[in-house]
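Note sheet for the following structure.
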Amino acid sequence: MRIKEHPIIGEIKKGRLVKFTFDGNEMEGYEGEPIAAALKAAGVMVHRHTSKLDRPRGIFCAIGRCTDCVMVVNGKPNTRTCVTALEEGMNVQTQYGVKAKEADEA
Amino acid sequence: MKRYNLAVIGAGPAGLSAAIEAKKHGMEKVAVFDENSRPGGQLFKQIHKFFGSKEHKAKIRGFKIGEDLLAEAEALGVDVHLNSVVAGIYFPMKRLGVIENECLINYSADNIIIATGANENFIPFDGWTLPGVIGAGAAQTMMNLHGVQPGKKILMVGSGNVGLVVSFQLLQAGCEVAAVIDAAPRVGGYGVHASKVARTGVPFYLSHTVVKAEGEDHVTGAVIAQVDSHFKPVPGTEKHIEVDTICMAVGLTPMSKLCSMAGCKMVDKGGAVPETDKYGATSIEGLYAAGDVAGIEEASSAMITGRISALAACRKDCYITDGEFEKEYDELEGSINKLRKGMFSHENKGRTDITKTDEGIDLSMTLLTKGYVSDREIERFPGVVKEKGVHPVIECTQNIPCNPCQDACKFGCISVGEDITSLPYVNKASRCTGCGMCVANCSGQAIFLVNDDFEPGYSTVTIPYEFIPRPSIGDKGTALSRGGEAVCEAEVVDIKVSPVFDHTALLTMKVPKDMSMKARFYKGKEAL
Amino acid sequence: MSRYLDRSADIGEFIPQPDDDLIICRCEEITKGEIRKAVHLGMWTMTEVKRLIRPGMGLCQGQTCSKHVKGVIAKELHISPAELDDLTARPPMRPVEMGVFGNEVESHE
Amino acid sequence: MSNTTADVIIVGAGIAGNSAAYYCAKKGLKVIVLEEEMIGHGGSSRNGGGARVSGRDAREMPLAIYATRHIWPNLKEELGVDPEYRQNGYLVCGYNEEHKKGIQNRIADAAKMGIDMYLLEGKELKDKHPYVSDHVTCAGWTPTDGVANPLTATLGFYKRARELGARFITGEKVEKIKLYKGRARTVVTQNGNTYEGGKIIVAAGFGGKEIIKSVGLFVPVFKRLIEVIVTEPMPHMFDNMVGGMSGFYGQQTVHGSFVFGNALGREQCFAEITTPVSSSYNPANICHTIGVDIPALKEAKIIRTWSGWTDMSVDGVPIIGNVAEVPDLIIDIGCTGHGFCPGPASGYTLAQLANNETPDVDISKLAYERYDMAKKQPQYY
């Protein structure tokens, strides 16, 4: 959930509200914020399923180090969503192993 | 190839301070590289007021310090490269391979200061890979930089300063903190940080560890258990806690990869750090390490070590004379030594046998095991006095390097003394005007104003309040004890907000007279 | 030169432990038990364990797990973690696209 | 025998040393392996993992052929460690007439040894290898070549040899060999220890040069830095090894990562550096070159670059075998950056020599004595 007003920081500066898709569903987020922040605000927890054990993963370090939060963004796998800025019209997909789910598997 | 007199890696407190210092001492071409889009390093997530004294920028909030440093660096003409990943450091060529603007750009430098800070530690446990298990740094990043709550209900693992500060920040962001746990038998961070969390009602479980994160797709709960003296969970002590997020604050490790990549001689200090002399010079000439990368401390000392390394580089390349260097170094050394004293100093790290303050007063054991000082224990500390009329009650019970309270009171009611780790004491409190500057300026939120002569049968207690919504005068709620238990009804009789208080509101509540030394937090009708 | 290690020295038998299934390396999903077994196969350095079964070889290059891997190996060898050398630090510090890395340009004054 | 005495002392725990230890142990010989660094520290673990026969000098082809026919295919079962050997072919890309000529020469060399290699061009090339760019106009294709994982292969031999009783000591730098009545017998280490063996095998990469010098032999080898990039795991693109006449070589591993190296030509100037460091040039160059030939790889993210030494011999092929001048000394040096694939066959052969057997593989052309100026073998210079 987004923090509307903060006792110390006050209003948190954000870019303009833009639309993007997550696994085909339209979502909204602020331009320039990390993709992970937009997803978190929308309640998305699972960013990917691992290659070997098919386990869910999400945000862990949030600063681009652990690489747990990677997803397929605009077709590119292993994109660190916690440090990749959201852009209008982005296609964000849950990553399964090193790929997004094919349309016929979905 | 572009060559800098000084290239600094990392635009955090150490890096920015280093660049500023180098510029001030005549280096012409100075650059700072940082992988983030926003400089300042961890400072921008630090929304609390800093400790130390005036020279350490005490009572100023971390992000403000970051903004000031950046403005100064830019005004001096430091070349700040943002979104620039130093991908590699190449010796003996003294070259940086930097990824910026979708290119690999090589820069060389006469001197390099590595100020890359630290990485968070984590502890593995059953289910620690589930979404919802995060680092404390991640929580800070999400809420303080991006304005998104990391979760609704959070278990904090770790009671060091990071765990305590982040717990409080979570509360400020409107999240619920279910508990703070630590495998150690004692709270690791400053007691004042613990107290401000405990008084809101957050329970502390020391000698406890998290044994399992529950949930299928994401965290739906946690199981904690008591540990024995070998930190092994004791069977049968498991406790289920309903949370959606488990936040780990279990220490930091220097992010020293670039140092070892460059070929510095490394030593193990709870993680590999480059071997340095007292100026931060590594085994490679012209290569320095400053801030947490050279050994974990905190932002205030990082700023000083950054400056020292820059000065050393300036001396090496003859921007300043040996004499000038010695003079400035002595001053900085004096300044950093003030921070490195007290029971939380490096040499005391991990000690569990300290039982008395430097003044010889028995430490509060309740504070160390539950996060707050008990009503009985608080009486023995020098800041706690009973006076006529309004007066400060300083619940600062450990030797931490901090003295803004001393400067805050224009009327000389509060003294810390030369040694900034000494406990503050109240003198001539009769001169207290109730202005509240001490309450607002105390970085530990440990000062309260008590007036036992408010009206017959009632006292007032003024507390620092950094939450929203702010209650209004006339609101009625509950007063909580230091341990976060409801003790009596309370009525808000004053709420003061002022730019000089810097976002700390002073909330004055009316409580029954016998509660004035018990009531330490106000809880409105709607929960926090 | 590396530290003298006689790989025939007796480190005892591999004894299964209840938390052997615990994931240590998150990127490559390597468990504590797998690391312990590798030590008993003769992998007595961080690098050998990494090369045989991959902890620290994933996307984050050991930034999250190194400390734990080291701890597990040290315990199995009955030595202090400080006696084990860290993995060699190599560029790049963060994953970088080949297209970007190959796009080398000269910096100018 | 004391615990510092063995039938065979092997200096160097790379792929040749480890496999030699394994084959010796299998023959029932008592073996001690001494290694300055850790297991597989040198070139054996630092290469592209190509298991190819094509494109080699005819003198070393027998070893490579023996390895790919008789050793690599069975290693997984034999060692109990998967060396990830896959015999899925090797594509070498070219984009001009000179490259095409080079490929045709390789095809001719291969044919002489009974190895099938073809020239691919135009539509056939694009159909079979759609990942190469239009820039690539011709390619050599050797279906029997393959790839393996240098890390697990090298460690696998160690693991198995150790299980069979070979004693490995790491952090034990051999400084010299001492003679006993004119025969190689003892090695002395920097730590001051001595080890005695009926045979001494020196398979220590460039480091072997100094050791061999201690008994008055000079091998004409120098060291060269190689650098390789490793990417994140990516969706499957190809199973075969891919190289370019422009100099790069590499594979997509079973884990999905791409591993690529390249020869840039300035590697030798780094020889004065004591520890191999990654340069700021080479990985960039590798990426650039590969981006031209395989454009889809531009999006693959590099997670690691690494570097290491290779021991180059002046005539480009290794020096392997007994040394006539110093009985009981067996050397394996100068593998010149392509010793990984034949490595196990070298080890197999070294073990046969150590056991006084006649080797199955013809290594006569790799002898140290070929550098004897009196012999004059101009075709090799």
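Note on naming: letters A, B, ... go to the chains in the order of the sequence lines (proteins, then strands), and numbering restarts at 1 for each one.
With a threshold of 4.5 angstrom between heavy atoms, B:K64 does not approach chain A through any atom at all. Contacts of A:A38 with chain B are absent, with no heavy-atom separation under 4.5 Å from either backbone or side chain. The contact between A:K14 and chain B is made entirely by side chain atoms (from C-beta outward), counting heavy-atom distances below 4.5 Å. Looking at B:M143, the atoms closer than 4.5 Å to chain A (heavy atoms on both sides) sit in the backbone and in the side chain alike. Both the backbone and the side chain of A:I3 come within less than 4.5 Å of a heavy atom in chain B. For B:H218, the part lying under 4.5 angstrom from a heavy atom of chain A is the side chain only. For A:R65, the part lying near chain B is the side chain, with the backbone staying farther off; criterion is any non-hydrogen pair under 4.5 Å.
In A:N74, the CG atom is crowded: over 12 heavy atoms of neighbouring residues, nucleotides or ligands sit closer than 6.0 Å.
The most heavy-atom pairs under 4.5 Å with chain A, out of B:G147, B:G132, B:G135, come from B:G147. The most heavy-atom pairs under 4.5 Å with chain A, out of B:G137, B:S37, B:P150, come from B:P150. Among B:L130, B:N36, B:V148, B:V133, the residue making the largest number of heavy-atom pairs under 4.5 Å with chain A is B:V148. For chain B, the option among A:K4, A:E33, A:E5 with the highest count of heavy-atom pairs below 4.5 Å is A:E5. For the options B:N144, B:T141, B:T129, heavy-atom pairs under 4.5 Å to chain A are most numerous at B:T129. Heavy-atom pairs under 4.5 Å with chain B were tallied for A:A62, A:P56, A:G58; the largest tally goes to A:P56. Highest contact tally toward chain A, considering only B:E35, B:E216, B:E120, B:R61, is held by B:R61 [criterion: heavy-atom pairs under 4.5 Å]. Contact count versus chain B (heavy atoms, under 4.5 Å) is highest, among A:P34, A:A85, A:G64, for A:P34. Ranked by heavy-atom pairs shorter than 4.5 Å toward chain A, the options B:H48, B:M142, B:Q140 are led by B:M142. Top candidate by heavy-atom pairs under 4.5 Å with chain B, chosen from A:H49, A:M45, A:R2, is A:M45.
Between the side chains of B:K257 and B:T116, not a single donor N or O lies within less than 3.5 Å of an accepting N or O. B:N119 and B:T253 are not linked by any side-chain donor-acceptor pair at a separation below 3.5 angstrom, with hydrogens and angles left out of the test. For the residue pair B:E466/B:T504, the side-chain donor-acceptor check at 3.5 Å is satisfied. Between the side chains of A:N25 and A:D23, not a single donor N or O lies within less than 3.5 Å of an accepting N or O.
Ring-plane geometry between B:Y465 and B:F521 is classed as parallel, the angle between the planes falling under 30 degrees on a 0 to 90 degree scale with a further cut at 60.
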Derivation and outcome, ring-ring contact (aromatic ring centres under 6.0 Å, His included), residues B:F467 and B:F168: CA-CA 10 Å; B:F467 300 96; B:F168 192 71; 5.3 Å; yes
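With B:F50 as the aromatic partner, B:K57 does not meet the cation-pi criteria of under 6.0 angstrom to the ring centre and within 45 degrees of the ring axis.
You'll find the side chain of A:T79 stays beyond 4.5 Å of the side chain of A:V72, heavy atoms only. Residues B:D475 and B:Y522 form a side-chain contact, since some pair of their non-hydrogen atoms from C-beta on lies under 4.5 Å apart.
Looking at A:D68, A:T81, A:T94 one by one, the single match for side-chain hydrogen bond (donor to acceptor under 3.5 Å, both in side chains) with A:R48 turns out to be A:D68.
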